[in-house]
**Student:** 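Pasting in a structure now, in structure tokens, and then I'll have a few things to ask.
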2 protein chains.
Amino acid sequence: MASKTPEPRVCSIARSLEVVGEKWALLAVREIFLGNRRFDEIVRRTGAPRDTMAARLRTLTEAGVLGRRQYSEHPARYEYVLSTAGRDLYPVITALREWGDRYLSGEQGPPVTFTHSCGHTLSTRLVCEACGEAATYASATRADPEGEGLRGR
Amino acid sequence: MASKTPEPRVCSIARSLEVVGEKWALLAVREIFLGNRRFDEIVRRTGAPRDTMAARLRTLTEAGVLGRRQYSEHPARYEYVLSTAGRDLYPVITALREWGDRYLSGEQGPPVTFTHSCGHTLSTRLVCEACGEAATYASATRADPEGEGLRGR
DNA sequence: TCTTGTAGGTCCGAAAACTGGACCAACCTT
DNA sequence: AAGGTTGGTCCAGTTTTCGGACCTACAAGA
């Protein structure tokens with residue numbers, strides 16, 4: 001076999017995880033989605049060490065997922081806001097919540113966090129971008145079953 | 001303010017990340033989705049240190065996301081397969097791919113990895129579970145805007 | 001037979017990341 | 001003046017990660 005596929009696969013999933021895959025990153029984003037934009041709140045509600053969360057907010061800001069906004073001048077105070085890219089993490093967070101709701105809930109059922117404006121829970125659906133058809137993993141083709149043919153386009 | 005909300009929020013997202021939030025976990029799952037079920041393949045195509053990946057596959061197996069199956073007796077050989085819970089990570093992975101495709105693609109566009117059987121790319125849609133209506137972050141209610149009222153149900 | 005290859009790991013020491021807790025500088029309220 | 005709020009930083013100890021070498025068991029080819 002002459003041409004080896006690139007060792008670490010060129011992949012958007014890997015790239016995404018490079019940015020939001022660190023331990024506390026998505027929990028920070030979750031808090032901001034929930035409206036808690038301030039450092040102390042984020043630290044308190046995620047349970048992260050202050051130090052670690054400070055570093056994480058820095059990397060997320062540098063990556064363009066968050067913005068840092070001064071909301072008070074004289075005691076200089078900052079809050080974190082979601083960029084467009086940050087807001088577009090909503091499906092990722094929803095999918096994770098859904099999975100946790102299904103497989104990691106205790107006896108009292110899943111905790112409720114995000115709801116649709118009609119009051120019900122949001123979920124993610126897989127659809128085909130082109131034909132609009134609902135899809136499942138079963139109807140998805142694994143483009144690279146044997147480890148070949150996957151090259152970036 | 002008498003009753004403090006629980007410090008670290010009770011949350012399915014946090015629980016999910018406890019299981020699949022480690023650095024190489026979702027990439028291992030990705031490889032298995034792509035049909036590469038064997039240790040060496042998984043290591044090679046993710047780029048993870050062998051050591052770390054061995055540990056990760058162990059935790060994922062213990063968590064019930066993966067199963068470990070012997071496919072050869074005499075040289076005892078094992079492969080990893082997705083459980084139902086593992087297969088249900090498909091939306092998470094799709095959402096991450098979609099985000100990476102959108103915000104982290106180079107000049108040559110996103111690498112293609114998963115496609116629908118019709119040959120097109122899959123994506124995730126947010127919908128309301130009850131009314132079936134398409135939803136966006138904008139139409140979602142933040143159940144806990146000020147850090148209150150979020151308690152598990 | 002001897003070598004090479006495959007497969008699924010383990011072991012190692014060095015480096016990086018995470019952790020909890022103390023501390024700090026401005027400002028404000030009581 | 002004392003105490004609270006906010007957004008951090010600093011520290012030292014522990015845990016994880018990293019890359020590479022190594023190991024066992026078998027099979028195929030020269």
Side-chain angles (χ1 to χ4, degrees), chain A residues 1-2 4-8 14 17-28 31-32 35-63 66-81 146-148, chain B residues 1-2 4-8 14 17-28 31-32 35-63 66-81 146-148:
Chain A
M1 292 301 108
K4 285 241 160 196
T5 31
E7 292 286 296
L17 290 172
E18 213 52 35
V19 176
V20 296
E22 284 160 314
K23 181 154 187 182
W24 299 103
L26 282 176
L27 290 185
E31 263 335 288
I32 301 174
N36 296 317
R37 292 186 267 271
R38 301 186 183 175
F39 185 80
D40 274 11
E41 271 311 282
I42 294 170
V43 164
R44 197 170 66 83
R45 303 304 301 268
T46 56
R50 299 176 74 76
D51 218 10
T52 309
M53 186 51 82
R56 207 51 63 241
L57 291 171
R58 207 149 36 227
T59 61
L60 286 173
T61 303
E62 279 160 18
L66 302 180
R68 191 158 170 276
R69 212 167 51 186
Q70 186 160 20
Y71 68 89
S72 156
E73 277 253 354
H74 254 330
R77 294 276 178 272
Y78 302 93
E79 61 181 9
Y80 293 90
V81 294
E146 243 37 71
E148 272 300 336
Chain B
M1 294 295 113
K4 284 247 172 193
T5 31
E7 292 287 293
L17 290 172
E18 217 44 41
V19 177
V20 297
E22 284 160 311
K23 180 154 187 186
W24 299 103
L26 283 175
L27 290 185
E31 261 337 285
I32 302 174
N36 296 319
R37 292 187 267 272
R38 301 183 184 178
F39 185 80
D40 273 11
E41 270 312 280
I42 296 170
V43 164
R44 197 170 65 85
R45 304 305 300 269
T46 56
R50 301 176 71 74
D51 218 11
T52 309
M53 185 52 83
R56 207 53 63 240
L57 290 171
R58 209 150 33 229
T59 62
L60 286 173
T61 303
E62 280 160 16
L66 301 181
R68 191 160 171 272
R69 216 169 46 185
Q70 187 161 18
Y71 69 90
S72 155
E73 278 253 350
H74 252 332
R77 294 277 180 272
Y78 303 93
E79 61 182 9
Y80 294 90
V81 294
E146 243 36 73
E148 274 297 338

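Note on naming: letters A, B, ... go to the chains in the order of the sequence lines (proteins, then strands), and numbering restarts at 1 for each one.
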**Student:** Could you say whether A/Pro75 or A/Thr52 is positioned toward the 5' end of DNA chain C, judged by the nucleotide with the nearest heavy atom to each?
**Tutor:** A/Thr52

**Student:** Could a donor-acceptor pair under 3.5 angstrom be found where the side chain of A/Arg38 meets the base of D/dT6?
**Tutor:** no

**Student:** Can a side chain N or O of A/Tyr71 be found less than 4.0 Å away from OP1 or OP2 on D/dG7?
**Tutor:**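 True: A/Tyr71 side-chain N/O within range (under 4.0 Å) of D/dG7 OP1/OP2.
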
**Student:** Between B/Arg44 and B/Glu41, is there a side-chain N and carboxylate O pair less than 4.0 Å apart?
**Tutor:**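 Yes, B/Arg44 and B/Glu41 are salt-bridged.
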
**Student:** How many whole angstroms separate atom CE of A/Met53 from atom P of C/dA17?
**Tutor:**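 Taking atom P of C/dA17 as the reference, CE of A/Met53 is at 17 Å.
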
**Student:** Between B/Trp24 and D/dC18, is there a side-chain N or O to OP1/OP2 distance below 4.0 Å?
**Tutor:** yes

**Student:** Under 4.0 Å from OP1 or OP2 of D/dT9: is there any side-chain N or O of A/Arg58 that close?
**Tutor:**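 Yes, A/Arg58 has a side-chain N/O under 4.0 Å of OP1/OP2 on D/dT9.
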
**Student:** Calculate the interatomic distance between A/Lys23 atom NZ and D/dT15 atom P; express it in whole Å.
**Tutor:**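 Atom NZ in A/Lys23 sits about 13 Å away from atom P in D/dT15.
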
**Student:** Does the side chain of B/Leu17 come within less than 4.5 Å of A/Lys23's, by heavy atoms?
**Tutor:** no

**Student:** Can you check the A/Glu79 CD to D/dT5 P distance for me, whole Å?
**Tutor:** 19 Å

**Student:** Between B/Arg56 and B/Glu22, is any pair of side-chain heavy atoms under 4.5 Å apart?
**Tutor:**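 In short, these two side chains touch, coming nearer than 4.5 Å.
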
**Student:** Look at B/Glu79 together with B/Arg69 and state whether they make a salt bridge at an N to O cut-off of under 4.0 Å.
**Tutor:**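 Here B/Glu79 pairs with B/Arg69 in a salt bridge, since their nearest N and O are under 4.0 Å apart.
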
**Student:** Nearest whole Å is fine: how far is C/dT19 P from A/Glu22 CD?
**Tutor:** 11 Å

**Student:** Quick check: on DNA chain C, is the nucleotide nearest B/Arg77 upstream (toward 5') of the one nearest A/Ala55, or the reverse? Name the residue that is more 5'.
**Tutor:**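 Final value for this comparison: B/Arg77.
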
**Student:** Does the D/dG8 base have a donor-acceptor partner in the side chain of A/Arg50 within less than 3.5 Å?
**Tutor:**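 Present.
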
**Student:** Nearest whole Å is fine: how far is C/dC24 C1' from A/Phe39 CZ?
**Tutor:** 14 Å

**Student:** Hey, does the side-chain of A/Asp51 have a donor or acceptor N/O within less than 3.5 Å of a partner on the base of C/dC18?
**Tutor:** no

**Student:** Take the protein atom CD of A/Glu73 and the nucleotide atom C1' of C/dA25, then report the distance between them rounded to whole Å.
**Tutor:**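 Result: 17 Å.
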
